[in-house]
Amino acid sequence: MIYRGYEIREENNKVYVDNVKDFDPVHIFESGQCFRWKKEQDGSFTGIAMDRVVNVRKDGNAIIIDNATVDDFIRIWFDYFDLGIDYSAIKEILSKDDIMRRAISFGEGIRLLKQDLWEVVISFIISANNNIPRITKIINAISAMFGKQMNYKGKVYYTFPEIDALANAEVDKIAECRAGYRCSYIVKTAHAISNGEFDLTRLKNLGTGDAKKELLKLPGVGPKVADCILLFSGTKFDVFPVDVWVARVMKELYFGYEPGKAKIMDMVQKKFGSLAGYAQQYLFYYARENKIGGM
DNA sequence: TTGCAGGGGTCAA
DNA sequence: TTGACCCCTGCA
């Protein structure tokens, strides 16, 4: 059948999607936006998302999603993989900038995943002052402790915990997943969301600035984490999270000196405007893979 | 083996 | 604007 321009078919609990442009699993899953996709020996990726576990692999211009139905694809994975967006058009616009063109040629198959907002909030609170291997470890531990068990190909996986599961958790119990001083942020944030004091669903109806201001009220959420939450949940695309990698790439490639956040934001708004979030992903991937800044 | 610096920030003073 | 913060890794 054809669904929104893609030819899809289901076979043996796998969904085949033909003619997918701008989709490289390595660029997508290793660009710092997600923490629960793991590369397998054969180059495919197995991930836990939206209360499911699936395996994704690319075969020529097709993508194959294992452990999924056509119904799942239409309800979940089409949006999750942002397949309704024409990345070629975005790349063409951004490529007017010479530096961006280089970054894009390096990470040409990047896509912004539309991840579950609640999961992204907690994941990026954990990400603060932390590195990816440890963030991954903490999220896996918290899921094993408070999530639901799933089995896939003889292995055990756990869904990301429900809001109430973390809201009702003892800080001491969460501390067992080694999140350190972030544990109290996790519980407090889960509480605020669980008891309705903070309404996650409202964010998408606000302007980007107001949505960010709201998120900053959550304990453990500062400017960088707020930007990440908005971008990686597919809520806002004109944000530009500045972490040390992006700061380095801006210094090395654009300014030649340490610009400071205000200067970066000013330039980014002028150069990339509503596409700032996409630009950030290409630059981040480029910086980290090429170790720009000498780290 | 032990010790220390530094990480994909946030908070409080 | 600055230091403390929890844990982990890499490296003397």
Side-chain angles (χ1 to χ4, degrees), chain A residues 26-37 103 106-107 110 112-113 115 119-145 166 169-193 198 212-233 239-254 258-265 268 276-295:
Chain A
V26 173
H27 296 168
I28 293 170
F29 299 126
E30 295 184 354
S31 63
Q33 62 178 320
C34 55
F35 303 102
R36 305 208 74 198
W37 288 87
F106 197 80
I110 283 174
L112 284 166
L113 299 172
Q115 303 177 76
E119 176 172 341
V120 169
V121 167
I122 299 300
S123 297
F124 280 88
I125 285 176
I126 293 168
S127 81
N129 193 21
N130 213 338
N131 52 54
I132 292 175
R134 192 179 151 212
I135 299 164
T136 304
K137 209 181 280 181
I138 293 169
I139 294 173
N140 283 334
I142 221 174
S143 299
M145 232 179 278
L166 293 188
E170 300 286 332
V171 180
D172 287 351
K173 186 70 184 165
I174 292 191
E176 287 175 24
C177 46
R178 322 304 287 157
Y181 60 79
R182 303 164 194 82
C183 292
S184 68
Y185 300 154
I186 294 171
V187 177
K188 282 180 197 156
T189 290
H191 259 287
I193 295 168
F198 192 96
K212 185 167 171 178
K213 213 180 284 174
E214 272 299 301
L215 279 171
L216 291 176
K217 293 177 184 168
L218 291 172
V221 177
K224 187 267 179 181
V225 169
D227 281 348
C228 285
I229 291 169
L230 291 172
L231 187 58
F232 301 138
S233 62
V239 292
F240 195 84
V242 178
D243 52 43
V244 303
W245 288 102
V246 173
R248 276 176 206 146
V249 81
M250 296 312 277
K251 177 190 167 195
E252 294 288 324
L253 302 183
Y254 282 97
E258 298 238 350
K261 216 168 166 177
K263 276 208 162 125
I264 292 177
M265 295 317 288
V268 160
Y278 299 95
Q280 192 269 2
Q281 275 295 258
Y282 293 114
L283 287 173
F284 174 79
Y285 187 74
Y286 183 64
R288 214 166 60 92
E289 293 299 307
N290 290 288
K291 303 201 183 305
I292 285 174
M295 297 291 288

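Chain letters run A, B, ... following the sequence lines, proteins first and then strands; every chain starts at 1.
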What about A:Y185, does its side chain sit under 3.5 Å from the base of B:dG9 through a donor-acceptor pair?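 No such pair is found, so the answer is no.
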Residue that, paired with A:I186, satisfies side-chain contact (heavy atoms from CB on, under 4.5 Å) out of A:V121, A:V171, A:I142: A:I142
Should [X] and [Y] count as side-chain neighbours, where that means a heavy-atom distance under 4.5 Å?
X	Y	result
A:V268	A:Q280	no
A:L215	A:F198	yes
A:Y181	A:N129	yes
A:I138	A:N130	yes
A:H27	A:Y282	no

Would you kindly give the [atom1]-to-[atom2] distance between [X] and [N], to the nearest whole Å?
X	N	atom1	atom2	result
A:K224	B:dG9	NZ	P	6 Å
A:I138	C:dC6	CD1	P	13 Å
A:R248	B:dG9	CZ	C1'	14 Å
A:Y181	B:dC11	OH	P	10 Å
A:D227	B:dT10	CG	C1'	14 Å
A:E176	C:dC6	CD	P	17 Å

Taking B:dA13 as the reference, what is the distance to C:dC6 when you measure between their P atoms (whole Å, please)? 15 Å
Rounding to an integer number of angstrom, what distance separates C:dG3 and B:dA5 when you compare their C1' atoms? 16 Å
Once you measure the plane-to-plane angle for A:F29 and A:W37, does it fall in the parallel (<30°), tilted (30-60°) or perpendicular (>60°) bin? parallel
Stems in DNA chain C: runs of 3 or more consecutive Watson-Crick or G-U pairs, distances under 3.5 Å?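 The stems that DNA chain C takes part in, listed by first number, are B:2-7 with C:7-12, B:9-13 with C:1-5.
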Polar atoms only, N or O, under 3.5 Å: list the protein pairs with nucleotides 7-11 of chain C and their distances.
unit_1 : atom_1 : unit_2 : atom_2 : d
C:dC7  : O4'    : A:R134 : NH2    : 3.0
C:dC7  : O2     : A:R134 : NH1    : 3.0
C:dT9  : OP1    : A:K137 : NZ     : 3.2

Within the structure shown, what part of the strands sits under 4.0 Å from [X] by heavy-atom distance: base, sugar-phosphate, or nothing?
X	answer
A:I126	nothing
A:V221	sugar-phosphate
A:G220	sugar-phosphate
A:P219	sugar-phosphate

Measure centre to centre between the rings of A:F284 and A:F240, then say whether the value is under 6.0 Å.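 No, ring centres 6.0 Å or more apart.
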Would you say A:K263 has more than 12 foreign heavy atoms packed within less than 6.0 Å of its NZ? no
